[in-house]
Engineer: 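Below are the structure tokens for one structure; questions will follow.
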Amino acid sequence: MKLLRVGPVGQERPAVMDEAGNLRAISEPEIDGAFLASGGVARVREALERDELPVLETEGLRIGPPVARPGKIVCIGLNYRDHAEETGAAIPAEPIIFMKAPNTVVGPYDEVLIPRDSVKTDWEVELAVVIGRTVRYAETHEEALAAVAGYAISNDVSEREFQLERGGQWDKGKSCETFNPLGPWLVTADEIADPQSLGLRLWVDGEPYQNGDTKNMIFHVAEVVRYLSRFMVLEPGDVINTGTPAGVALGLPGTPYLRAGQVMELEIDGLGRQRQTVGQA
């Protein structure tokens, strides 16, 4: 299934897309950790199969992020060999972990704001993993994947000067307002036969910059979830950004960073497409 949240900012309501592409309202109060932990996906599937869900009028309807209030956003750095190479970084022996503030999450078509004093705001198309059950100390890849509720597109927007040149950890270049467009859908795990066989693409003003494939991850989804569960408890509704392929401005000498008025477009096979206009904070 494709689950989503629609409506004005702060007033989104849950919905599901049926096989004909119609949006159907669902009676669940929210798509969040509680929904995922309590069998919400199964309840919606059953209601959809019984044709109990009313069709929504979509004209002018905003699509918000598909998951409300993630408890945490955990990110994996340098998880594609070509991205590590383009930025001059060593190939990591273990996953590099950093965090993004949950309030960076915005809808897939919402405006992305360049922070004040920013000179190096950059783009990163990524596969986002949404956790559906509590997992701690996962022993196997099978156990790790069983904790995955579904997948979405994430744009891990980054301010490179804040991240790399201002001291401290990466987080300060990752947690600026609007720096994590998510969606348009949460595609349930049963629809994605192999999360390691998905093409990822990103354009800026129609110019292609990123064109990768999740098969080229250094640490695959199952290993990322297993590994993270050794260091933190992953809970329903948590989001994991799994890294970006080559083609970011940081790794392309002479490529301008983002400026107000530009447009980013992103897509991942089976997960839909995003489009964001860049503004100024």
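If you're wondering where the values come from, they're calculated on a predicted model, not measured in any experiment.
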Engineer: Is there a side-chain contact between Asp122 and Leu258 in this structure, where contact means two heavy atoms from C-beta onward sitting under 4.5 Å apart?
Structural biologist: no

Engineer: Does Arg13 have more than 12 heavy atoms from other residues, nucleotides or ligands lying within 6.0 Å of its CZ?
Structural biologist: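 No - once you tally the heavy atoms of other residues, nucleotides and ligands closer than 6.0 Å, there are 12 at most.
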
Engineer: If I compare all heavy atoms of Gly247 with all of Leu252, which pair ends up nearest, and what's the gap?
Structural biologist: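 What the structure gives for the nearest pair is O-CD1, 3.6 Å.
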
Engineer: How about Arg116: does its CZ atom have over 12 heavy atoms from other parts shown lying under 6.0 Å from it?
Structural biologist: no

Engineer: For Arg43, look at atom CZ and say whether over 12 heavy atoms of other residues, nucleotides or ligands are found less than 6.0 Å away.
Structural biologist: yes

Engineer: Spell out, yes or no, whether Val187 and Val129 are grouped together once hydrophobic residues are joined by side-chain heavy atoms under 4.5 Å, including indirect joins.
Structural biologist: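 Both belong to a single hydrophobic cluster.
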
Engineer: Donor-acceptor check, side chain of Ser118 to backbone of Ile114, threshold 3.5 angstrom: yes or no?
Structural biologist: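 Not at all, since once roles are kept as given, no pair shorter than 3.5 Å links the two residues.
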
Engineer: Are side-chain N/O atoms of Asn180 and Asn103 paired as donor and acceptor at under 3.5 Å?
Structural biologist: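 No, because no side-chain N or O of Asn180 sits under 3.5 Å from a partner of the opposite role on Asn103.
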
Engineer: At their closest point, which heavy atom of Ala37 faces which heavy atom of Pro236, and how far apart are they?
Structural biologist: CB-CG, 3.7 Å

Engineer: Look at Arg201 together with Glu267 and state whether they make a salt bridge at an N to O cut-off of under 4.0 Å.
Structural biologist: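 Yes.
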
Engineer: Quick one, Gln163 and Lys172 - any side-chain contact, counting heavy atoms below 4.5 Å?
Structural biologist: no

Engineer: In the structure I gave you, are the side-chain heavy atoms of Met264 and Leu266 within less than 4.5 Å of one another anywhere?
Structural biologist: yes

Engineer: Could you see if Ile240 belongs to whatever hydrophobic cluster contains Leu271? Use Ile, Leu, Val, Met, Phe, Trp, Tyr and a side-chain cutoff under 4.5 Å.
Structural biologist: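 Same hydrophobic cluster.
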
Engineer: Is it true that a side-chain atom of Glu57 and a backbone atom of Glu59 form a donor plus acceptor pair closer than 3.5 Å?
Structural biologist: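 Side chain of Glu57 to backbone of Glu59, a donor-acceptor pair under 3.5 Å: yes, one is there.
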
Engineer: Considering non-hydrogen atoms only, spot the tightest contact between Leu113 and Glu111 and give its length.
Structural biologist: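 Nearest heavy atoms, Leu113 then Glu111: CD2-OE1, 3.5 Å.
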
Engineer: Could you check whether Thr178 and Asp110, counting side-chain N and O atoms only, form a donor-acceptor pair closer than 3.5 Å?
Structural biologist: no

Engineer: Go through the structure and list residues passing side-chain contact (heavy atoms from CB on, under 4.5 Å) with Pro245, not counting sequence neighbours.
Structural biologist: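 Per chain and number, Pro245 pairs via side-chain contact (heavy atoms from CB on, under 4.5 Å) with Tyr80, Asp82, Val125, Leu200, Gln210.
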
Engineer: Please give me the minimum heavy-atom distance between Cys176 and Pro115, naming the atom from each residue.
Structural biologist: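 Closest pair (atom of Cys176, atom of Pro115, distance): SG-CG, 3.6 Å.
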
Engineer: Check whether the side chains of His220 and Glu223 place a donor and an acceptor atom closer than 3.5 Å, and report yes or no.
Structural biologist: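 There is no such pair between these side chains.
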
Engineer: Are Ile76 and Val233 connected into the same hydrophobic cluster when the rule is that any two of I, L, V, M, F, W, Y join if their side-chain heavy atoms are below 4.5 Å apart?
Structural biologist: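 In one cluster with Val233: Ile76, no.
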
Engineer: Looking only at non-hydrogen atoms, find the nearest pair between Tyr257 and Leu250 and report the distance.
Structural biologist: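 Smallest interatomic distance, heavy atoms only, reads OH-CA, 3.4 Å.
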
Engineer: Take Ile73 and Val105 through the side chain to side chain contact (heavy atoms under 4.5 Å, CB included) test and state the conclusion after the steps.
Structural biologist: CA-CA 9 Å; Ile73 302 173; Val105 172; 3.4 Å; yes

Engineer: Run the salt-bridge test on Lys120 and Glu165 with the 4.0 Å N-O cut-off and return the result as yes or no.
Structural biologist: yes

Engineer: Without hydrogens or angle criteria, can the side chains of Ser154 and Asp156 be said to hold a donor-acceptor pair below 3.5 Å?
Structural biologist: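 Short answer, no.
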
Engineer: So Leu127 and Val221, do their side chains get closer than 4.5 Å, heavy atoms only?
Structural biologist: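 They are in side-chain contact.
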
Engineer: Tell me whether the count of non-hydrogen atoms from other residues, nucleotides or ligands lying under 6.0 Å of CZ in Arg81 goes above 12.
Structural biologist: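 Check fails, neighbour count at 12 or below.
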
Engineer: Run the salt-bridge test on Glu139 and Arg230 with the 4.0 Å N-O cut-off and return the result as yes or no.
Structural biologist: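 Judged by the 4.0 Å cut-off on N to carboxylate O distance, Glu139 and Arg230 do form a salt bridge.
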
Engineer: Looking only at side chains, do Asn155 and Gln276 share a donor and an acceptor under 3.5 Å apart?
Structural biologist: yes

Engineer: Applying side chain to side chain contact (heavy atoms under 4.5 Å, CB included) to Met217 and Thr214, what does each step give before you reach the verdict?
Structural biologist: CA-CA 5 Å; Met217 286 182 182; Thr214 57; 4.0 Å; yes

Engineer: Decide whether Met1 and Leu56 are clustered together by the hydrophobic rule: side chain heavy atoms of Ile, Leu, Val, Met, Phe, Trp, Tyr closer than 4.5 Å, transitively.
Structural biologist: no

Engineer: Does Pro92 reach the side chain of Ile218, with side-chain heavy atoms less than 4.5 Å apart?
Structural biologist: yes

Engineer: Check whether any side-chain heavy atom of Ile31 sits under 4.5 Å from a side-chain heavy atom of Pro14, and report yes or no.
Structural biologist: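 Yes, their side chains come closer than 4.5 Å.
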
Engineer: For residues Glu126 and Thr244, is any side-chain donor paired with an opposing acceptor at under 3.5 Å?
Structural biologist: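 No.
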
Engineer: So, are Asp51 and Arg24 salt-bridged, with charged N and O less than 4.0 Å apart?
Structural biologist: yes

Engineer: For a quick check under 3.5 Å, do Ser158 and Lys174 share a side-chain donor-acceptor pair by atom type?
Structural biologist: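 Result is yes, a qualifying pair exists.
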
Engineer: Evaluate the side chain to side chain contact (heavy atoms under 4.5 Å, CB included) criterion for residues Phe179 and Glu159: first the C-alpha distance (whole Å), next the side-chain angles of each, then the deciding distance (0.1 Å), finally the verdict.
Structural biologist: CA-CA 9 Å; Phe179 265 28; Glu159 211 300 340; 4.1 Å; yes

Engineer: Without swapping roles, check the side chain of Asp205 against the backbone of Glu207 for a donor-acceptor pair under 3.5 Å.
Structural biologist: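 The answer is no, because no donor-acceptor pair under 3.5 Å joins these two groups.
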
Engineer: Is Arg273 positioned over the aromatic face of Trp185, cation under 6.0 angstrom from the ring centre and no more than 45 degrees off axis?
Structural biologist: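 Judged by the rule, Arg273 and Trp185 form no cation-pi pair.
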
Engineer: Hey, is CG on Asp194 packed in by over 12 heavy atoms from elsewhere, all under 6.0 Å?
Structural biologist: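 Atom CG in Asp194 is crowded, with more than 12 foreign heavy atoms closer than 6.0 Å.
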
Engineer: Under a 4.5 Å cut-off applied to non-hydrogen side-chain atoms, are Arg69 and Glu30 in contact?
Structural biologist: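 They are in contact (side-chain heavy atoms under 4.5 Å apart), so the answer is yes.
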
Engineer: For the ring pair Tyr209 and Trp203, is the centre-to-centre distance below 6.0 Å?
Structural biologist: no

Engineer: Can you tell me if Glu177 has over 12 outside heavy atoms packed within less than 6.0 Å of its CD?
Structural biologist: no

Engineer: Give the minimum heavy-atom separation between Ile131 and Leu36, together with the two atoms involved.
Structural biologist: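 Scanning both residues completely, I find the closest heavy atoms to be O-CD1, 3.5 Å.
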
Engineer: Are Arg166 and Asp117 ion-paired here, with the side-chain N under 4.0 Å from a carboxylate O?
Structural biologist: no

Engineer: Do Gln274 and Tyr109 have side-chain atoms, one donor and one acceptor, less than 3.5 Å apart?
Structural biologist: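 Tyr109 and Gln274 do not have a side-chain donor-acceptor pair below 3.5 Å.
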
Engineer: What about Leu228 and Tyr151, same hydrophobic cluster or not, with Ile/Leu/Val/Met/Phe/Trp/Tyr joined at side-chain heavy-atom distances under 4.5 Å?
Structural biologist: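 Yes.
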
Engineer: Check step by step if side chain to side chain contact (heavy atoms under 4.5 Å, CB included) holds for Glu52 and Glu46.
Structural biologist: CA-CA 9 Å; Glu52 296 176 348; Glu46 291 170 3; over 6 Å; no

